[in-house]
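Below: the structure, in structure tokens.
Heavy atoms only: backbone and side chains are in, while hydrogens, waters and symmetry mates are out. Residue indices begin at 1 and follow the sequence shown.
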Amino acid sequence: MEKPEVKYLKDYRPPAYWIDNTELNFDLQETNTLVKSVLNIRRNNDLSDKTIPLVLDGKNLELLFVKIDKKHLDSDKYQINSENLTIYDVPESFSLEVTTKIQPQNNTSLEGLYKAGGIFCTQCEAEGFRKITYFPDRPDVMSKYSCTITADREKYPILLSNGNLINSGMTDQNRHWAQWEDPFKKPSYLFALVAGDLVYIEDFYKTKSGRSVTLRIYVEHMNIDKCGHAMQSLKKAMKWDEDVFGLEYDLDIYMIVAVNDFNMGAMENKGLNIFNSKYVLAKPETATDIDFWNIERVIAHEYFHNWTGNRVTLKNWFQLSLKEGLTVFRDQEFSSDMTSRPVKRISDVRSLRSFQFPEDAGPMAHPVRPESYIEMDNFYTMTVYEKGAEIIRMIHRILGKQGFRKGMNLYFKRHDGQAVTTEDFVKAMEDANQADLRQFRLWYSQAGTPEISVKRAYNHKNKTYSMTFTQKCPPSPGMSEKKAMHIPVAVGLLDKAGNDMPLQLAGQDKPEGTTILLNLYKTTQTFEFVNVYEPPVPSILRGFSAPVKLRAEYTSREQAFLLANDSDEFHRWDSGQRFFAGTMINMVQGKIKNHDPDVLGAIIEPFRKTLLSTELDKAFISHVLTLPSESELGILISETAPIDPELIHQVRRFITHAIAKALKNDFERIYQDNQEKGLYNIDAESIARRSLKNLALSYLGMLETPEIIKIACNQFNKAENMTDEIAALGVLSHIQCSEREKAIDDFYQKWKSDTLVLDKWFAIQAGSQIPGIIDKIKELLNHPDFSIKNPNKVRALVSSFCGMNPWQFHHISGNGYKFMTDRILELNAINPQIAARMAGIFNHWKKYEPSRQKLMKAELEKIINTPDISRHVYEIVSKALV
Ligand code: TRP
Ligand code: ZN
């Protein structure tokens with residue numbers, strides 16, 4: 001194939017034309033949809049060259065007419081190719097009318113205007129608007145939109161677009177129309193349209209200035225009883241943003257639409273969010289506790305975008321983290337306030353390390369503000385979102401809560417209504433606080449995860465304690481030399497009894513608290529504490545104050561001590577994980593033998609202590625006792641040796657089995673003590689109780705005894721909520737027995753009409769640890785309820801297999817790899833965005849032992865040598881092969 005064009009940040013130029021007004025007209029039909037647009041265009045007079053032609057983006061469009069100032073334009077006055085419409089010689093200001101024809105019903109990419117499950121809807125971010133009509137499809141062109149939709153009244157009774165409903169009526173007996181107008185200027189990626197047979201629930205929110213906002217959630221008829229939680233979440237988010245940031249909603253109506261076919265989680269279109277139904281629909285019978293939390297988080301995320309993303313938007317797509325990093329930070333803070341702060345932090349860091357760290361060490365490594373891309377869709381990454389949020393969190397920590405709020409206020413005061421950059425954000429933070437973040441900015445431009453090592457020394461005579469930090473950042477693609485970064489490291493010191501010591505740095509006249517923020521600026525830097533009455537055990541990187549890899553060289557005794565005593569819950573959990581991981585890694589590497597009784601004792605004692613603790617929060621206990629997964633162990637091992645997934649699987653299985661056997665009675669007691677009492681509830685305490693109970697059940701499941709099978713079946717049959725039902729099915733899914741098959745069948749019969757619950761059914765089977773499960777998965781590809789066109793189904797069956805079953809996916813036969821290549825190539829033609837996400841599974845091939853490396857490389861070569869490979873897949877695979 002021809003090498004696709006690479007876009008560079010350094011090539012950014014302001015637009016040559018502005019679009020003040022955009023009037024859209026959709027005639028939605030079953031075979032052809034007509035889109036008429038009338039644009040008020042004005043030359044950008046800041047540019048000295050007044051002869052630049054008007055170049056509009058457009059893809060897969062059939063152009064019917066072009067008019068300038070109402071006069072037809074002859075075809076020799078413009079040019080079209082597969083990407084653009086170019087008009088030479090245009091006046092300084094004029095109106096342009098363009099009519100195009102599209103086929104939403106054949107659009108399986110789920111980008112632009114598409115029809116799925118009988119509903120017309122749009123997804124324009126990042127560059128999907130160009131699949132609807134010709135337009136300068138870039139976020140720095142902001143325009144006022146009005147949108148008229150005409151459609152069949154019976155099939156599409158609901159017609160929605162951004163902003164306020166201005167007018168509506170009938171065109172004839174069968175067709176009706178609605179006209180919407182959005183008073184706020186916006187970039188094209190925030191445009192939205194929905195037409196379908198939907199119903200809604202309605203509520204109201206009174207803003208702090210006293211305005212009443214109508215809130216509506218639109219869903220398919222059968223889901224009307226599953227909207228309550230999403231509505232409550234929305235109201236909580238609106239209140240929280242007023243309380244914490246003083247930010248109020250700005251339109252009179254806020255609409256959310258749930259659709260089943262959606263590439264990502266949800267989309268923040270102005271006044272009309274479109275959601276993957278997975279992040280809207282919930283009732284206790286169908287949604288797990290985690291689902292309930294995710295809905296609250298995603299609803300809040302999209303709502304928060306109204307200020308961070310919509311009111312203040314992006315100058316270009318390289319600035320994506322300006323809205324995403326900041327909005328993730330905001331949703332994390334919101335969830336922390338709604339649930340449990342330490343538990344939220346633990347799960348966020350766990351996923352950062354599992355997905356972002358590997359990305360930052362692999363072929364797709366890129367700075368939070370990327371320098372270049374082939375396909376923007378490939379840059380909706382863990383780095384832009386999660387590492388981006390970590391950058392904001394560091395600024396928050398460095399400036400303090402009030403300093404951060406001052407910075408936010410200045411950011412909105414300066415930039416409301418504008419399209420800006422991450423630089424503008426940092427500048428506002430600096431100016432509002434007279435702070436110096438010059439070196440800190442490297443976090444936006446340098447890829448790779450910095451590594452910090454620590455040398456510590458206690459001086460008995462002087463009662464001083466010194467810590468010497470050394471930082472380095474490994475090379476990443478196109479960037480071999482890295483500069484020292486500004487890294488904030490929160491530190492505490494524990495005395496022998498496990499208590500926090502008061503902290504006093506040399507030069508300070510008195511101690512200042514028990515956690516101190518040390519700012520690293522240089523490659524090597526020493527800090528000295530005074531009046532340290534005995535040799536301490538340091539607690540380093542409390543709260544995960546920076547997204548770095550810490551090499552603290554703790555002994556396992558210190559780790560067990562920190563697990564038992566650290567007052568910082570994050571670090572306490574982290575110490576436990578390092579301790580458990582360290583032992584398993586030593587076993588994988590043959591440094592200790594499986595049957596060494598001391599080893600098991602060393603793991604089981606702290607495990608038991610935590611399990612039986614009455615003072616610790618149950619959610620926290622569940623996190624501590626969830627051992628590092630096979631993938632997490634692989635990531636840790638890959639820092640020093642090649643990964644052998646088979647060996648890792650055996651060791652982890654051995655350890656979990658040994659724990660289950662040794663603590664059987666304790667697990668049984670925990671299981672009994674934490675049964676549901678009274679009514680089902682989704683408050684944090686009940687959720688924590690269920691998670692501990694189900695953790696106990698999953699350890700017991702390792703024993704595979706008839707007694708355990710009976711307990712699991714009993715829970716499965718009696719469960720009145722999905723959390724318990726799916727937990728029990730999960731346990732059974734790994735055990736080869738007739739009860740397993742029956743439970744899987746029963747579950748299907750019970751839930752076959754609920755597509756979201758069926759996703760769980762597919763995922764459970766894909767994650768099953770029974771050998772040879774890949775054959776079952778292949779069979780399920782042909783199940784009538786599976787569809788390769790539905791991203792949720794693909795994620796449930798295909799991605800879960802790779803993610804939850806690394807051992808079988810990496811089977812030495814190479815069958816798992818071949819299976820993936822087939823899916824990637826199949827999806828390449830249907831939905832390139834999803835195909836590219838799947839292709840990322842081979843990104844880390846170089847980290848594996850030689851035979852698997854060879855097999856994966858062959859798959860990558862097969863993919864790249866396939867004709868008609870999409871730009872999306874090409875970008876991922878070509879980078880992986882470098
Ligand atoms: N802006 C969306 C969010 O993070 C992301 C998104 C939704 C998206 N749909 C997409 C990105 C499709 C790329 C393609 O909230
Ligand atoms: Zn977002």
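Classification of E569 and R341 as a salt-bridged pair fails, no side-chain N sitting under 4.0 Å from a carboxylate O. A salt bridge links E605 with R608; the closest basic N to acidic carboxylate O contact falls under 4.0 Å. Taking a cutoff of 4.0 Å between a charged side-chain nitrogen and a carboxylate oxygen, E707 and K664 qualify as a salt bridge. A salt bridge does not link K710 to E739: none of the charged side-chain nitrogens sits closer than 4.0 Å to a carboxylate oxygen. Ion pairing between K742 and D746 holds under the 4.0 Å rule for side-chain N and carboxylate O. Contact check on D348 versus K344 returns a salt bridge, with a Lys/Arg side-chain nitrogen under 4.0 Å from an Asp/Glu carboxylate oxygen. Checked for salt-bridge contact, E849 and K854 miss the test: no charged N lies under 4.0 Å from a carboxylate O. Remark: K283 engages D225 in a salt bridge, criterion side-chain N to carboxylate O under 4.0 Å. One finds a salt bridge joining K226 and D754 here, because a Lys/Arg side-chain nitrogen approaches an Asp/Glu carboxylate oxygen to under 4.0 Å. Salt bridge K818/E859: absent, no basic N to carboxylate O contact under 4.0 Å. The residues K752 and D785 are annotated as not salt-bridged, no charged nitrogen and carboxylate oxygen being separated by less than 4.0 angstrom. Between D574 and R542 there is no salt bridge, since no side-chain N of the basic residue sits under 4.0 Å from a carboxylate O of the acidic one. Ionic pairing of K693 and D724 is present here: one or more N-O contacts between side-chain nitrogen and carboxylate oxygen are shorter than 4.0 angstrom. A salt bridge links R852 with D644; the closest basic N to acidic carboxylate O contact falls under 4.0 Å.
Residues M264 and R837 meet the side-chain proximity criterion, which asks for heavy atoms closer than 4.5 Å.
The two atoms that bring K760 and T286 nearest to each other are CE-O, 3.5 Å, heavy atoms only. Looking at every heavy atom in both residues, R572 comes nearest to D566 through CD-O, 3.3 Å. What you find for I824 and M838 is that their closest heavy atoms are CG1-CB, 3.7 Å.
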- [ ] Tell me, with the steps shown, if N721 and E285 meet side chain to side chain contact (heavy atoms under 4.5 Å, CB included).
- [x] CA-CA 4 Å; N721 64 77; E285 294 82 1; over 6 Å; no
Open item on the list: Test salt bridge (charged side-chain N to carboxylate O under 4.0 Å, His left out) on D759 and K278; report intermediate values, then the result.
Closed with: CA-CA 10 Å; D759 291 344; K278 175 180 164 59; over 6 Å; no
TODO: Evaluate side-chain hydrogen bond (donor to acceptor under 3.5 Å, both in side chains) for D360 paired with Q356, printing each intermediate quantity in order.
DONE: CA-CA 6 Å; D360 229 351; Q356 197 277 324; 3.0 Å; yes
TODO: Check step by step if side chain to side chain contact (heavy atoms under 4.5 Å, CB included) holds for I635 and F357.
DONE: CA-CA 9 Å; I635 292 165; F357 280 18; 5.6 Å; no
- [ ] Could you please spell out the steps behind the side chain to side chain contact (heavy atoms under 4.5 Å, CB included) verdict for S539 and L494?
- [x] CA-CA 7 Å; S539 166; L494 276 68; 4.0 Å; yes
- [ ] Take D683 and S686 through the side-chain hydrogen bond (donor to acceptor under 3.5 Å, both in side chains) test and state the conclusion after the steps.
- [x] CA-CA 6 Å; D683 56 82; S686 313; 3.0 Å; yes
Task: side-chain hydrogen bond (donor to acceptor under 3.5 Å, both in side chains) between Q650 and E646, intermediate numbers included - done: CA-CA 6 Å; Q650 282 169 15; E646 178 69 40; 3.1 Å; yes
- [ ] Verify side chain to side chain contact (heavy atoms under 4.5 Å, CB included) between F801 and I773, making sure each step is shown before the conclusion.
- [x] CA-CA 9 Å; F801 173 57; I773 203 72; 4.1 Å; yes
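Taking the six-membered ring for Trp and the full ring otherwise, the centers of W845 and F842 sit at least 6.0 Å from each other. Close placement of the W761 and H783 rings is indicated, their centers lying within 6.0 Å of each other.
Other residues, nucleotides and ligands place more than 12 heavy atoms under 6.0 Å from the CD atom of Q589. In this structure, K778 places its NZ atom where more than 12 heavy-atom neighbours from other residues, nucleotides or ligands lie under 6.0 Å away. The environment of R557 atom CZ is sparse: at most 12 non-hydrogen atoms of other residues, nucleotides or ligands sit within 6.0 angstrom. Within 6.0 Å of the CG atom in L612, the count of heavy atoms belonging to other residues, nucleotides or ligands exceeds 12. The 12-atom threshold is exceeded at CE of M820, counting heavy atoms of other residues, nucleotides or ligands nearer than 6.0 Å.
There is a side-chain donor-acceptor pair under 3.5 Å between N674 and K618. Side-chain contact check for Q332 and S335: no donor-acceptor pair (N or O, by modelled atom type) lies under 3.5 Å. Side-chain contact of S691 with S622: a donor-acceptor pair under 3.5 Å is present, judged by distance alone. For N260 and N792, the side-chain atoms include no donor-acceptor pair closer than 3.5 Å. With 3.5 Å as the limit, one finds a donor-acceptor pair spanning the side chains of K793 and T755. A donor-acceptor contact under 3.5 angstrom links the side chains of Q715 and N694, judged on distance only.
To the nearest 0.5 Å, the span separating OH on Y385 from OG on S351 amounts to 13.5 Å. Atom CG of L797 sits about 12.0 Å away from atom CG of L758, to the nearest 0.5 Å.
By the 30° and 60° cut-offs, the orientation of the rings of F667 relative to Y699 is parallel. Between H649 and W807, the angle of the ring planes stays under 30°, which puts this pair in the parallel group of the 30/60° scheme. Between Y848 and H810, the two ring planes are parallel [angle under 30°; tilted spans 30° to 60°].
A side chain to side chain contact (heavy atoms under 4.5 Å, CB included) with E630 is found for one member of N805, V651, I648 and no other, namely I648.
Formation of a donor-acceptor pair under 3.5 Å by the Q577 side chain with backbone atoms of V624 is found in this model. Between the side chain of E558 and the main chain of T555, a donor-acceptor pair closer than 3.5 Å is present.
Cation-pi geometry between R823 and F819 is met: the NZ or CZ atom falls under 6.0 Å from the ring centre, inside 45° of the normal.
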